[in-house]
Structures are given as structure tokens and as C-alpha cells.
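The structure appears right after this line, and notes come after that.
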Number of protein chains: 2
Amino acid sequence: MQLTKGVEQALCIIVLLATQESSAPLASDEISKRLGVSPSYMKKIIRKLVVQGIAVSVSGNNGGVSLAKPAADITMLDVIEAMEGPIQMYPDTGLIGLAFHDKQYTEKGQELLRSVFSQGDRLLIEYFSKVTAADLLKEGLGTSNLPTLNWNRETLSDVIDKERDDDK
Amino acid sequence: MQLTKGVEQALCIIVLLATQESSAPLASDEISKRLGVSPSYMKKIIRKLVVQGIAVSVSGNNGGVSLAKPAADITMLDVIEAMEGPIQMYPDTGLIGLAFHDKQYTEKGQELLRSVFSQGDRLLIEYFSKVTAADLLKEGLGTSNLPTLNWNRETLSDVIDKERDDDK
DNA sequence: CACTAATTGGATAAAGAATATCCATAATGG
DNA sequence: CCATTATGGATATTCTTTATCCAATTAGTG
């Protein structure tokens with residue numbers, strides 16, 4: 001009943017991309033360094049985000065990854081499903097049918113159990129589809145002006161502090 | 001994001017116990033045969049139910065397992081937590097702190113993410129604590145009179161059909 | 001009391017999924 | 001054409017789930 005680490009990693013990647021200067025795609029090797037995993041593994045994670053439509057990637061010189069859409073349009077559900085596939089709690093191995101041979105009752109029971117769990121699935125789907133990456137960034141950083149920076153050079157607090165000064 | 005097969009197995013066990021003549025505990029070896037797993041594995045599963053307070057087991061000749069309380073008092077949450085421990089979706093490896101070194105913002109972000117996920121946990125907990133084993137049995141069998149039988153000898157439909165005839 | 005049926009609990013093996021890496025190939029821009 | 005970067009397949013590693021075996025224990029039975 002736990003999400004995989006991949007979800008956490010994906011969320012970190014999204015934070016990086018959301019605060020990256022939009023002109024410059026961020027190289028996956030740079031992300032891998034920052035998250036402490038191998039470049040090739042990071043490319044796999046990123047690939048999942050690309051397939052899901054969360055990120056876009058360009059090969060070649062000065063290539064890299066960037067967000068496919070505004071952070072406000074990226075939901076936690078998108079991220080979770082990108083990494084783990086559709087939310088579906090019940091393993092459903094058909095055990096009930098195997099254990100009780102009375103077809104008449106087991107089919108009804110099986111169906112009932114499926115519907116109980118899929119109702120649980122729906123609760124999560126509904127909840128997570130309402131939380132966006134933008135929500136996380138806004139509340140986490142304490143500012144709705146998303147700072148942009150080049151993650152090759154700068155740190156986060158440099159930029160946020162600069163924005164704060166600008167506001168005065 | 002999937003429950004383990006153990007949950008499904010536990011649910012089957014509970015159905016067996018709920019429809020077992022209360023006088024006679026059901027031998028775990030009998031259950032293992034029916035669910036198609038090894039006797040020793042079944043004992044481990046049952047042990048978890050005992051620890052959680054869902055079932056009680058008696059050693060010795062003619063010993064076995066029975067429910068610790070009425071099916072109406074056994075919730076899906078009990079069953080899930082018996083098999084998998086507390087519901088907690090977020091793996092929380094502290095990756096955010098590792099990836100972004102600005103303590104000031106990462107701690108806030110970490111905390112926020114935890115709260116987002118624990119809200120998801122709460123949704124599931126609330127939902128699953130409202131579905132009881134009795135609900136499943138009642139709707140699954142189409143009768144609220146729980147038939148009782150000895151699983152060593154009889155089949156489910158024998159007994160339910162008998163009960164139906166009695167109703168007339 | 002000793003015997004037998006049955007459960008408990010610990011050690012551990014086997015299978016599967018998640019995590020991670022390496023390497024060969026393809027795409028891109030200069 | 002060359003350096004840079006992503007893609008995709010094969011594979012190693014680690015962790016969890018699933019499952020088995022066996023020694024210890026407990027409760028009834030003769």
C-alpha cells in the first residue's frame with residue numbers, strides 16, 4: 001500500500017523543470033547528479049514523464065528536458081500514473097472463484113469486492129487530480145511568482161531572495 | 001499502489017470463518033487446501049489476523065481458528081492493516097532534502113508533501129473503516145441470515161438453498 | 001501419563017517487482 | 001561530420017512478497 005520511490009523522484013524532477021528557465025532545456029545528466037542516481041536511470045524516469053505527456057525532451061546538442069505544460073496543469077494523479085500506471089488497488093487474482101466452487105455466489109462476491117475497491121480507487125483519483133504541481137510549488141516556496149533559474153549554476157534561495165527584494 | 005494478495009486471501013478466510021459453525025473452530029490446514037496454498041504459509045496469514053484481533057486460534061486436538069468478533073465489527077481497514085500494516089502511501093525517503101540544499105525551503109516542501117499524501121491516506125482509512133465483512137457477506141450472498149456450516153463437509157449452496165426453503 | 005492432533009514461531013528459500021546500471025543506437029545542432 | 005543528448009534493450013541488485021520446512025508448544029484423548 002505504498003507508492004514507489006519513483007513518485008518522489010518524479011516530483012523532484014518536476015520542481016526542477018518548473019523553475020528552469022523556459023528557454024533552456026535541462027540536461028537529464030544534470031538532474032541525475034542532483035538526485036543522486038545514475039544518468040541512465042534518470043533517463044528512464046524522465047522517459048515515463050514524457051510518455052505521460054508531463055515533460056518533453058529534445059535530443060542533440062543543447063537538448064534536454066522541459067515541462068510539456070504549465071505546472072498548474074500537472075496533477076499529482078498525472079505524476080503517480082506516469083510512474084505506476086493506473087491506480088488500481090485490488091490485485092484480483094480470482095481467488096474467490098477458486099476457493100468457493102459455487103459459481104452462483106462467488107461471481108456475485110467477486111463483483112462486489114471489485115466494486116468496493118474501485119470505489120476506493122476513485123476516491124484517490126478524485127483527490128489527487130485536484131492537487132497540482134503549481135499548488136505544491138506555491139505553498140512550498142511561499143510565493144506564487146515562480147522563480148526561474150538555470151539549475152546548472154544557481155541555487156533556489158538565491159533566486160527567491162532576489163524576487164522578494166524586487167517586490168518591495 | 002496495489003494491495004498484496006494477502007488481503008484477498010485474508011478476505012476469503014474471513015468468509016470461511018464467518019460461515020463456520022461457531023462451535024467448531026476451522027483447522028488452518030483445511031483453509032490452506034481450499035485456498036491452494038501451503039499449510040505453513042496459511043498459518044502465517046492467520047497469525048496476522050490473530051495479532052490484529054480479527055481471529056482467535058486454539059491449539060490442540062480439534063483446535064483451529066475462529067472469528068474474534070462478529071463480522072459486522074470487522075472492517076476492511078482492519079483486514080488491510082492486518083496484512084500490510086498502517087496505510088501510508090508516501091515512501092518519504094527524504095529525497096527532497098538531498099536534492100535541494102536550501103534547508104529553508106526544502107523542509108517546508110517536505111512537510112507539505114507529507115500532508116498531501118497523509119490526507120490521501122485518511123480518505124482511504126475513512127472509506128475502508130466503513131465497509132464491514134458483514135456488508136460483504138450480506139450483499140454477496142443475498143441473505144442477511146448468515147448460514148453456518150462445517151467447511152469440512154458441506155458446500156455453500158447446499159446450506160443457502162436450505163435456508164431459503166426454510167424461509168417459505 | 002504418554003500419545004497424538006494441531007497451532008506457534010523462527011529460519012530461510014523461491015519468485016517477483018522495484019531500483020539501478022551499462023551499452024549500443026538514433027536524433028540534433030553546430 | 002562530430003560532439004552532445006535522448007532512446008531502448010539487456011542485465012545486475014536489492015527489497016518485498018510469497019511460500020516452505022522444521023523445532024517447540026499446547027490441548028485434548030485414551
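Every chain is numbered from 1 and lettered A, B, ... according to where its sequence line falls, protein lines coming before strand lines.
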Could you state the atom-to-atom distance from [atom1] of [X] to [atom2] of [N] in whole Å?
X	N	atom1	atom2	value
A/Lys43	D/dT4	NZ	P	13 Å
B/Ile46	C/dT7	CD1	C1'	9 Å
A/Leu49	D/dA6	CG	P	13 Å
B/Leu35	D/dT18	CG	P	13 Å
B/Ile13	D/dT18	CD1	P	13 Å
A/Lys44	C/dC22	NZ	P	13 Å
A/Met42	D/dG8	CE	P	17 Å
B/Lys33	C/dA6	NZ	P	10 Å

Nearest listed nucleotide, side chain of A/Asn61, among C/dG29, C/dT7, D/dA6: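 Looking only at side-chain atoms, A/Asn61 lies closest to C/dG29.
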Using a cut-off of 4.0 Å on non-hydrogen atoms, how would the nucleic acid contact of B/Val65 be classed: base, sugar-phosphate, or nothing?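 Contact class for B/Val65: none.
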If you look at every strand shown and take non-hydrogen atoms under 4.0 Å, does B/Gln9 touch a base, only sugar-phosphate, or nothing?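 Sugar-phosphate only.
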Please name the residue in the list B/Leu26, B/Leu17, B/Leu16, B/Val58 that meets the side chain to side chain contact (heavy atoms under 4.5 Å, CB included) test with B/Val65.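 By the side chain to side chain contact (heavy atoms under 4.5 Å, CB included) criterion, B/Val65 pairs with just one of B/Leu26, B/Leu17, B/Leu16, B/Val58: B/Leu17.
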Look at [X] and [N] and indicate whether a side-chain polar atom (N or O) is within less than 4.0 Å of OP1 or OP2.
X	N	value
A/Arg47	D/dA6	no
B/Thr4	D/dT18	yes
A/Ser40	C/dT21	no
A/Ser59	D/dT4	no

Mark yes or no for a side-chain to base donor-acceptor pair under 3.5 Å between B/Lys5 and C/dG16, with no hydrogen or angle criteria applied.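 There is none.
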Of A/Met1 and A/Asp29, whose closest DNA chain D nucleotide lies nearer the 5' terminus?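 Upstream on the strand: A/Asp29.
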For A/Glu84, I'd like to know if atom CD has over 12 heavy atoms of other residues, nucleotides or ligands within 6.0 Å.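 Count over threshold, so yes.
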A/Glu30 and A/Lys33: salt bridge (Lys or Arg N to Asp or Glu O under 4.0 Å), yes or no, with the steps? CA-CA 5 Å; A/Glu30 193 57 41; A/Lys33 259 185 251 167; 3.6 Å; yes
Does A/Tyr41 or A/Gly60 map to a spot on DNA chain C nearer the 5' end, using the closest nucleotide for each?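 So the residue in question is A/Tyr41.
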I'd like to know whether B/Lys43 forms a salt bridge (Lys or Arg N to Asp or Glu O under 4.0 Å) with B/Asp29, so could you lay out the CA-CA distance, the side-chain angles of the two residues, the decisive distance to 0.1 Å, and finally the verdict. CA-CA 8 Å; B/Lys43 282 168 190 137; B/Asp29 284 16; 3.7 Å; yes
Under-4.0 Å salt bridge between B/Arg122 and B/Glu126: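 No, this pair does not count.
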